[in-house]
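Working notes, structure below.
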Amino acid sequence: MDFVSRLSCINCGKTHSAEPDRYLCDDCGDEGLLEVEYDYEKIAARWSKEELAAESDERIWRYHPLLPVEKETPRPPLNVGNTPLYPSQVMAEKLGVKKLWIKDDGLNPTGSLKDRASALAVVKAQEAGAEIVSCSSTGNAASSLAGNAASLGGKLQTVIFVPERAPGGKLAQLLLYGATVVSVQGSYEEAYYLSRDAIKKWGWYNRNAGINPYLVEGKKTAVLELAEQLDFNLPDWLVFSVGDGCTIAGAWKALQDLREIGFIKKVPRLLGVQAEGCAPITEAFYSDSDLKITSEDTVADSIAVGNPRNYKKAIRGIKASQGEMVNVSDEEIFAMMRLLGRTTGVFAEPAGVAGLAGVQRMVDRGEISSAAEIGFVVTGNGLKDIDNARRAAGEPIEMEPDIDSLAEAFVRKGII
Ligand SMILES: *Cc1c(COP(=O)(O)O)cnc(C)c1O
Ligand SMILES: [Zn+2]
C-alpha cells in the first residue's frame, strides 16, 4: 500500500485512514461510501508502462501500484484477470459501429468479473485478521468469494446469503467451494439486510460491494487490463451492464487512475446498461432525482438489483465521462446471447451481454455513431445460468436414429 493515501467519503468528503476493515464514513452511515485515494504523483514518478510490461505476474496483481493491498499478504492462487480481448469485425458490422473489442471476463476462474473484486476481498480479509468472510449476492459475487477463499486451502471460511431466485449453476458453485450458503426466501434486498445484520452480529469480514471500498479497486482492473491490451489507446466508448453500480464505478476509477498517472490521454465515454425490468440507476441518472427502489423483474439476474448501493459512484462516473445509460428488454438480451455466441464463440450469461444489447439500442437511436469504436466487457459466463441459455438458444432437432428422417428434417430446416 505504498501509494494509498487515505479513504474519502463521497458524501461529505471526510477522510479516514485505510484500515482493511474500514467500510463506511463515521459521519454519514449508509450514505457514506468511501473511496480509495492514491498519491498519483508518487506513482507516476516510480512506475512506468515499461515496468508494467516487464512485470511477470499476469494476474490482476500486476497493477499493484494501483491496488490497495500490502505486498506481503498472500494472494489467492487462482488466476484472476488476464482475460482475452477479441476484436470482432463481424459483430461491429452487425451492430453498425466501426470497431468492437470484446473482453471475455467470463473466463475468470469462477466464471465472472466478480473474481477481480473477490480476490481483493480475500486479501483484505486476511489483512483484517478475519476467519470468516461474508456477503449477500445475486450469485456471482458469492461464488467468486467462495472460490477465491477456498483457493487459500481452507484457512478462510465463507458465509453467503443469496436470494432464492439465484440460478442453479451459481448455487452449485457456492456449495462445491464449501461455503455455508443461506438461501433467503425473499428478494436480493432482503438477503442483503439479513447478511448485514449477521455480519454485524458475528463480526465477520464484509464483502458487500455496497459498502466495502476495496471492491471497486478490484473491479477496476478489468479496465486497467483492457487499456494495457490496447496499448493504452482506448476506444470511444466502454460499455458495462449495471446492477449495483460497483463495476462501472470501477471502470471510471481505472480511467481516472490511468489519466492521472499519464498512461492515457483520451478517456472513453461510459455506457451503462440496465434491464427494463429493473432500472433504478437509469431512472435516477436521467431524472436527477434520488434513487427509487424498483422491483427486480428480468432474466439478467446479476443486474437485477432493485436497491443498488453504489448508484452515486456509478452515476458520478458515467456523468464525468460524458456517458449515457440505456435499458434493454429480456428479448434483446436473449437475441444478443445468440448473436454473440454465433459470431464470436463467446458464451455469456444474460447480464453478461446486456451491455452489448445496449450498444445496439444506442446505435439504432443514433446516439452511438457508425464511426464509433467500442470496448465491451462480457461480465459473466453462460454456463452459470443454463436455464436461460436454453431459453435463448432454442431446441435441437429431435428424432429417431434414422437417416431418411434426418434428410427430411434437414430439408424442412433448409440445411441441405
Ligand atoms: C455483478 C455483475 C454485473 C454488474 O455489476 P455491478 O457492480 O452489480 O453493477 C454485471 N454482470 C454480471 C455477470 C455480474 O455478475
Ligand atoms: Zn461522510
Side-chain angles (χ1 to χ4, degrees), residues 7-16 22-35 104-108 110-118 135-145 162 166-167 169-170 173 188 192 208-210 212-213 215-216 218-220 222 239-253 270 272-275 278-282 296 298-315 317-318 325 333 337 347-358 376-385 388:
L7 304 175
S8 65
C9 172
I10 68 161
N11 200 42
C12 74
K14 182 174 172 171
T15 59
H16 304 262
R22 155 64 65 184
Y23 304 118
L24 293 168
C25 171
D26 284 336
D27 293 354
C28 302
D30 277 353
E31 292 295 303
L33 295 192
L34 298 175
E35 189 160 59
D104 189 2
D105 248 43
L107 294 183
N108 272 302
T110 79
S112 81
L113 180 144
K114 296 289 194 299
D115 279 336
R116 298 175 182 275
S118 290
C135 76
S136 62
S137 157
T138 58
N140 285 336
S143 50
S144 70
L145 179 62
V162 289
K170 299 178 186 183
Q173 277 186 300
Y188 173 56
Y192 176 81
N208 275 326
N212 187 316
L215 304 173
V216 169
K219 290 187 177 178
K220 80 181 179 187
V239 183
F240 288 89
S241 55
V242 177
D244 176 67
C246 178
T247 305
I248 201 155
W252 176 243
K253 189 70 186 292
L270 292 173
V273 183
Q274 295 214 281
C278 186
I281 302 187
T282 309
E296 300 172 345
T298 167
V299 292
D301 71 289
S302 300
I303 52 169
V305 185
N307 186 7
R309 316 272 153 187
N310 270 294
Y311 78 98
K312 280 189 186 155
K313 273 189 188 177
I315 289 179
I318 299 168
M325 290 199 67
I333 289 174
M337 284 169 72
F347 186 16
E349 66 165 274
V353 296
L356 212 47
F376 164 67
V377 179
V378 173
T379 44
N381 196 297
L383 288 170
K384 293 236 174 203
D385 182 0
N388 276 316

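Just follow the structure's listing: the first ligand is 1, and inside any ligand the first atom is 1. Not measured: the values here are computed from a predicted model.
Residue Gly352 has no nitrogen or oxygen atom sitting less than 3.5 Å from a nitrogen or oxygen atom of ligand 1, judged on distance alone. The shortest N or O to N or O distance between Gly243 and ligand 1 is under 3.5 Å. Every N/O-N/O distance between Ser112 and ligand 1 stays at or above 3.5 Å. Close N/O approach between Glu349 and ligand 1 is not found [any backbone or side-chain N/O within under 3.5 Å].
Considering only heavy atoms from C-beta on, Asn11 stays 4.5 Å or farther from Cys25 through its side chain. Inter-residue side-chain proximity for Ser143 and Lys384 is flagged as met; some heavy-atom pair is nearer than 4.5 Å. Residues Leu24 and Leu33 meet the side-chain proximity criterion, which asks for heavy atoms closer than 4.5 Å. Looking only at side-chain heavy atoms (C-beta outward), Ile303 and Val242 stay at 4.5 Å or farther from each other.
Close contacts of ligand 1 with Asn140, meaning ligand atoms under 4.0 Å from a residue heavy atom, involve 13 (C), 14 (C), 15 (O). Those atoms of ligand 1 with a heavy atom of Val242 less than 4.0 angstrom away are 9 (O). Taking every non-hydrogen atom of Gly380 and a distance limit under 4.0 Å, the qualifying atoms of ligand 1 come out as 13 (C). The distance from ligand 1 to the heavy atoms of Ile303 drops below 4.0 Å at these ligand atoms: 3 (C), 4 (C), 10 (C). Numbered from 1 in the order shown, with element, the atoms of ligand 1 that lie under 4.0 Å from a heavy atom of Ser241 read 4 (C), 10 (C), 11 (N). Interface atoms of ligand 1 facing Lys219, defined by a heavy-atom separation under 4.0 Å, are 7 (O). Taking a cut-off of under 4.0 Å to the non-hydrogen atoms of Gly245, the atoms of ligand 1 that pass are 6 (P), 7 (O), 8 (O), 9 (O).
For the side chain to side chain contact (heavy atoms under 4.5 Å, CB included) test with Asp244, the passing option among Asn310, Ile281, Asn208 is Asn310; the others fail. Screening Asp301, Val378, Leu383 for a side chain to side chain contact (heavy atoms under 4.5 Å, CB included) with Glu349, the sole residue that qualifies is Asp301.
Among protein heavy atoms, atom 8 (O) of ligand 1 sits closest to Asp244 N, 2.8 Å. In this structure, the protein non-hydrogen atom closest to atom 12 (C) of ligand 1 is Thr379 OG1, 3.2 Å. Nearest protein neighbour of atom 14 (C) of ligand 1, counting heavy atoms only, is Lys114 NZ, 2.9 Å.
The minimum heavy-atom distance linking Leu270 with Trp252 is given by the pair CD1-CB, 3.9 Å. Nearest heavy atoms, Gly272 versus Ile248: CA-CD1, 3.6 Å.
By the criterion of a heavy-atom distance under 4.0 Å, neither the backbone nor the side chain of Val305 is placed next to ligand 1. Counting heavy atoms under 4.0 Å from ligand 1, residue Thr247 touches it through both backbone and side chain. The parts of Cys246 lying near ligand 1 are both backbone and side chain, judged by heavy-atom distances below 4.0 Å.
The NZ atom of Lys219 sits 14.0 Å away from atom NZ of Lys253, with the distance rounded to the nearest 0.5 Å.
A donor-acceptor pair shorter than 3.5 Å can be found between the side chains of Ser302 and Lys170.
Here the angle centred on the Zn ion (ligand 2), running from SG of Cys25 over to SG of Cys28, is 110°, rounded to 10°.
With salt bridges taken as basic N to acidic carboxylate O contacts below 4.0 Å, one links Lys312 and Glu31.
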